[in-house]
Amino acid sequence: MKPSLPKGVRDFTPQQITKRNYIFETIKKVFIKYGYQPIETPVMENLSTLTGKYGEEGDRLLFKILNNGDYLSKANKAALEKLNSNALTSSISKRGLRYDLTVPFARFVVQHQNDITFPFKRYQIQPVWRADRPQKGRYQEFYQCDVDVVGSDSLMYEAELVQIYDEVFSNLNLPVIIKVNNRKVLAGMAEVAGIADKMIDMTMAIDKLDKIGIEGVRGEMQKRGISNEAISTIEQILEITKLSPLKEAFINSEIGTKGVEELEQFHQYFDLKTPTNEVVFDVTLARGLNYYTGCIFEVKAKGVKMGSIGGGGRYDDLTGMFGLKNVSGVGVSFGAERIYDVLEELEGFPKEDTSALKVLLTAFDADSHLYGFSCLNWLRAAGINADLYPTPSKMNKQLKYANTRNVPFVVIIGKNEMDTGQLSVKNMNTGEQQSMTIEDLIQFLS
RNA sequence: GUAGUUGUAGCUCAGCUGGUUAGAGCGCCGGAUUGUGGUUCCGGAGGCCGCGGGUUCAAAUCCCGUCUUCUACCCCA
């Protein structure tokens, strides 16, 4: 049988894991510094927890898990006969793989509401699954790094989360542009244009502005049944780039005004410190997920053709679906896979691998191999990453192995070394070789 | 879900309008070099040509289906 993998998923080599961990560690360090605590949730959730939270498209992309046992005996026979997959699904699948980390987190908060104190600040770094067609920067299994805080509507957290974005990408030496908008501004826009009921259609259209241009957006809105009059109102607002004129445009829209005020307050906090990266207000930022209600964020890498590498926003009533009302949350997500791809393209990964092997011991015969193993114990006891070639064999072969392991130092042990206690230590970069005792070697490598 | 694209040695890929035994580079193994790597030279192993069906005297090559790869759309990190 030829080994293979399902589409959209990947193995990771040690080299790749090292790089991925570099991203995860950098992110995690910032999360912890800002006072967030880790949680984990299971890879599978009840399908009822997941469905209906991500819109129609999201439901289609959910991975469903077939029930165990004789699932057909309990299947919806009518749906089966009519070959109606949608109706059949709920009768043969009660579980699914999580689609993101936010909804499971909402469930977690409701279920553990008595064990946690609000505001609750958590971070979560785990894989999620989407049955999407794979393409550039898009996989069916990928990691998300989420930070959220629930139980407070303070705009301080919006500012804090954007600071986290700024700090993480600055630590990764990855220049980004962080876009900020507010769902209420979009709602105000729809209201002013007299199409409050078509807000979703409007936002989906203007979200594509930088891809299809203003003409494309116009066509898209027409296609979605928005009148030309409304479109021209929307276009006028889209040209606004500052908050104060926007506020004037929303003089007759309570929700739009509220949105601008929230953005103003966000800036009061955020402007107290100068960010490293570019942080801009962008009315055209819409973001797909339907549960956002306040500020929304999106991060794009500069100088690389890649979709967004992070996004998030405030959601006022996510836990309401699970029966806990009036708990506001705000959070952002880092797309680790895309950050990886961008860093790879920009050659932004650090050269040195501190976790790698420091020294490889080699031996010529059975006696020196045993002797080498005891040296190995000493080195490891001293906390030095060390290894011994598994069999005494030709030096040629052992040194070639050392090359592929990319080891900076090799210790060569034979009869001479055992007799004198002076180990031969070879620098694999320069080829230089010197003799020293095991104590000196430990000192040397520490 | 729609459209295009890809699949040949471990990896990257050649292989013409169908025609004997399917190639190259890199990697791997062995040797030159029995206590010294990266360079060089010599030798060797390794292939259901993605899978299934069809056309044909004859298919890696043409046709159909299917899976996979990458890409665009949709949507999204």
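When reading the values below, keep in mind they use all heavy atoms of this one structure, side chains included, and skip hydrogens, waters and symmetry mates. Residue numbers begin at 1 in each chain, while the letters A, B, ... track the order of the sequences.
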Colleague: Give the residues of residues 371-378 of chain A touching RNA chain B, defined as any heavy atom closer than 4.0 Å, sorted by residue number.
Modeller: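 Nothing qualifies; none.
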Colleague: In whole angstrom, what separates D207(A)'s CG from C76(B)'s P?
Modeller: 7 Å
Colleague: Taking 4.0 angstrom as the limit, do E337(A) and R10(A) come out as a salt bridge?
Modeller: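 Looking at R10(A) together with E337(A), the answer is yes, because their closest N to O distance falls below 4.0 Å.
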Colleague: Pick from Q124(A), K121(A), R314(A), R122(A): which one makes a side chain to side chain donor-acceptor pair (under 3.5 Å) with D148(A)?
Modeller: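 The side chain to side chain donor-acceptor pair (under 3.5 Å) with D148(A) is passed solely by R122(A) among Q124(A), K121(A), R314(A), R122(A).
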Colleague: Report, one pair per line, the protein and nucleotides 25-30 of chain B atoms (nitrogen or oxygen only) whose separation is under 3.5 Å.
Modeller:
residue: G30(B); atom: OP1; partner: K397(A); partner atom: NZ; Å: 3.4

Colleague: Base, sugar-phosphate or nothing for K136(A)? Non-hydrogen atoms, less than 4.0 Å.
Modeller: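 Sugar-phosphate contact only - K136(A) comes under 4.0 Å of backbone atoms but never of a base.
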Colleague: Let me confirm one number: the CG-NE2 distance from L155(A) to H267(A), rounded to the nearest 0.5 Å.
Modeller: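 Here the rounded value is 10.5 Å.
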Colleague: Can we say D387(A) and R405(A) salt-bridge, meaning some charged N sits less than 4.0 Å from an Asp/Glu carboxylate O?
Modeller: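 Salt bridge flag = yes for R405(A) with D387(A).
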Colleague: Return the minimal non-hydrogen interatomic distance between Q16(A) and Y340(A), and the atom names on each side.
Modeller: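 Reported closest heavy-atom pair: CG-OH, 3.3 Å.
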Colleague: Quick one: closest heavy-atom pair of R107(A) and P42(A), and the distance?
Modeller: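 Shortest heavy-atom contact: NH2-CD, 4.0 Å.
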Colleague: Does any residue of residues 428-444 of chain A have a heavy atom under 4.0 Å from RNA chain B, and if so, which ones, in number order?
Modeller: M428(A), N429(A), G431(A), Q433(A)
Colleague: Does the C70(B) base have a donor-acceptor partner in the side chain of R133(A) within less than 3.5 Å?
Modeller: no
Colleague: Looking for any heavy atom pair under 4.0 Å, which part of the strands does G58(A) touch: base, sugar-phosphate only, or nothing?
Modeller: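 No contact.
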Colleague: Honestly, is R130(A) close enough over F142(A), meaning NZ or CZ under 6.0 Å from the six-membered ring centre and within 45° of the axis?
Modeller: no
Colleague: Nearest whole angstrom, please: distance from the C1' of C76(B) to the CG of D100(A).
Modeller: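 Checked: the CG to C1' distance equals 11 Å.
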Colleague: Kindly say whether G310(A) contributes a backbone atom to a donor-acceptor pair with the side chain of R338(A) at under 3.5 angstrom?
Modeller: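 Between the backbone of G310(A) and the side chain of R338(A) there is no qualifying donor-acceptor contact (under 3.5 Å).
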Colleague: Taking any heavy-atom pair under 4.0 Å as a contact, classify F334(A): base, sugar-phosphate, or nothing.
Modeller: nothing
Colleague: Under 4.0 Å, heavy atoms only, any strand: does Q144(A) hit a base, just the sugar-phosphate, or nothing?
Modeller: sugar-phosphate
Colleague: When all nucleic acid strands are considered with a 4.0 Å heavy-atom cut-off, which category describes I412(A): base, sugar-phosphate, or nothing?
Modeller: base
Colleague: In whole angstroms, how far is the P atom of U33(B) from the CG atom of L399(A)?
Modeller: 17 Å
Colleague: Examine U36(B): is either OP1 or OP2 under 4.0 Å from a nitrogen or oxygen in the side chain of Q398(A)? Give yes or no.
Modeller: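 So the side-chain polar atoms of Q398(A) never come under 4.0 Å of the phosphate oxygens OP1 or OP2 of U36(B).
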Colleague: Nearest whole angstrom, please: distance from the C1' of A77(B) to the OH of Y54(A).
Modeller: 13 Å
Colleague: Please list every stem that involves RNA chain B, where a stem is a run of 3 or more consecutive Watson-Crick or G-U wobble pairs with both pairing distances under 3.5 Å.
Modeller: B:1-4 with B:70-73, B:10-13 with B:23-26, B:28-32 with B:40-44, B:50-54 with B:62-66
Colleague: Closest approach of E417(A) and S424(A), non-hydrogen atoms and distance?
Modeller: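 That would be OE2-OG, 2.6 Å.
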Colleague: With rounding to the nearest 0.5 Å, note down the distance linking CZ in F12(A) to CD1 in I17(A).
Modeller: 6.5 Å
Colleague: Send over the distance from Q135(A) CD to C70(B) P, rounded to a whole Å.
Modeller: 10 Å
Colleague: Between G31(B) atom C1' and N396(A) atom CG, what is the distance in whole Å?
Modeller: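 Atom CG in N396(A) sits about 10 Å away from atom C1' in G31(B).
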Colleague: Which of the following nucleotides, A77(B), C73(B), G37(B), is nearest to the side chain of R338(A)?
Modeller: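 Out of A77(B), C73(B), G37(B), the nucleotide with an atom closest to R338(A)'s side chain is A77(B).
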Colleague: Picking from U36(B), C75(B), G35(B), which would you name as closest to the side chain of F364(A)?
Modeller: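 Given the options U36(B), C75(B), G35(B), the side chain of F364(A) is closest to G35(B).
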Colleague: Name the atoms and distances for all side-chain donor-acceptor pairs under 3.5 Å in residues 213-223 of chain A, with sequence neighbours left out.
Modeller:
residue: E215(A); atom: OE1; partner: R218(A); partner atom: NH1; Å: 3.2
residue: E215(A); atom: OE2; partner: R218(A); partner atom: NH1; Å: 3.2
residue: R218(A); atom: NE; partner: E235(A); partner atom: OE2; Å: 2.6
residue: R218(A); atom: NH2; partner: E235(A); partner atom: OE1; Å: 3.1
residue: R218(A); atom: NH2; partner: E235(A); partner atom: OE2; Å: 3.1
residue: E220(A); atom: OE2; partner: K208(A); partner atom: NZ; Å: 2.9
residue: E220(A); atom: OE2; partner: R224(A); partner atom: NE; Å: 3.3
residue: E220(A); atom: OE2; partner: R224(A); partner atom: NH2; Å: 3.2
residue: Q222(A); atom: NE2; partner: N228(A); partner atom: OD1; Å: 2.9

Colleague: Pick out which of F31(A), Y143(A), F24(A) makes a ring-ring contact (aromatic ring centres under 6.0 Å, His included) with F334(A).
Modeller: F31(A)
Colleague: For nucleotides 67-69 of chain B, list the nitrogen or oxygen atoms of the protein found under 3.5 Å from its nitrogen or oxygen atoms, one pair per line.
Modeller:
residue: U69(B); atom: OP1; partner: G8(A); partner atom: N; Å: 3.3

Colleague: Classify the nucleic acid contact of K208(A) as base, sugar-phosphate or nothing, counting any heavy atom under 4.0 Å across all strands shown.
Modeller: sugar-phosphate
Colleague: For residues V330(A) and Y315(A), determine if any side-chain heavy atom of one lies less than 4.5 Å from a side-chain heavy atom of the other.
Modeller: no
Colleague: When the distance from CG of L423(A) to P of U36(B) is rounded to whole Å, what number comes out?
Modeller: 18 Å
Colleague: Over all strands shown, is S308(A) touching base, sugar-phosphate only, or nothing at heavy-atom distances under 4.0 angstrom?
Modeller: sugar-phosphate
Colleague: Could you work out which one of U36(B), C74(B), G35(B) sits closest to the side chain of K426(A)?
Modeller: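 Out of U36(B), C74(B), G35(B), the nucleotide with an atom closest to K426(A)'s side chain is U36(B).
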Colleague: Among C75(B), G35(B), C76(B), which nucleotide sits nearest the side chain of L61(A)?
Modeller: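 Minimum distance to the L61(A) side chain belongs to C75(B).
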Colleague: Looking only at heavy atoms, what is the nearest atom pair of M428(A) and A402(A), with distance?
Modeller: CE-CB, 4.1 Å
Colleague: So, do D367(A) and M418(A) sit near enough that their side-chain heavy atoms are less than 4.5 Å apart?
Modeller: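 Contact flag for D367(A)/M418(A) side chains = yes.
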Colleague: If you compare all heavy atoms of G372(A) against all heavy atoms of L361(A), which two are closest, and at what distance to 0.1 Å?
Modeller: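 Looking at all heavy atoms of both residues, the closest pair is O-CD1, 3.2 Å.
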Colleague: Side chain of F142(A) only, heavy atoms from C-beta on: which candidate in G38(B), A77(B), G35(B) is closest?
Modeller: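 That would be A77(B).
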Colleague: What orientation do F270(A) and F266(A) show, parallel under 30°, tilted 30 to 60°, or perpendicular over 60°?
Modeller: parallel
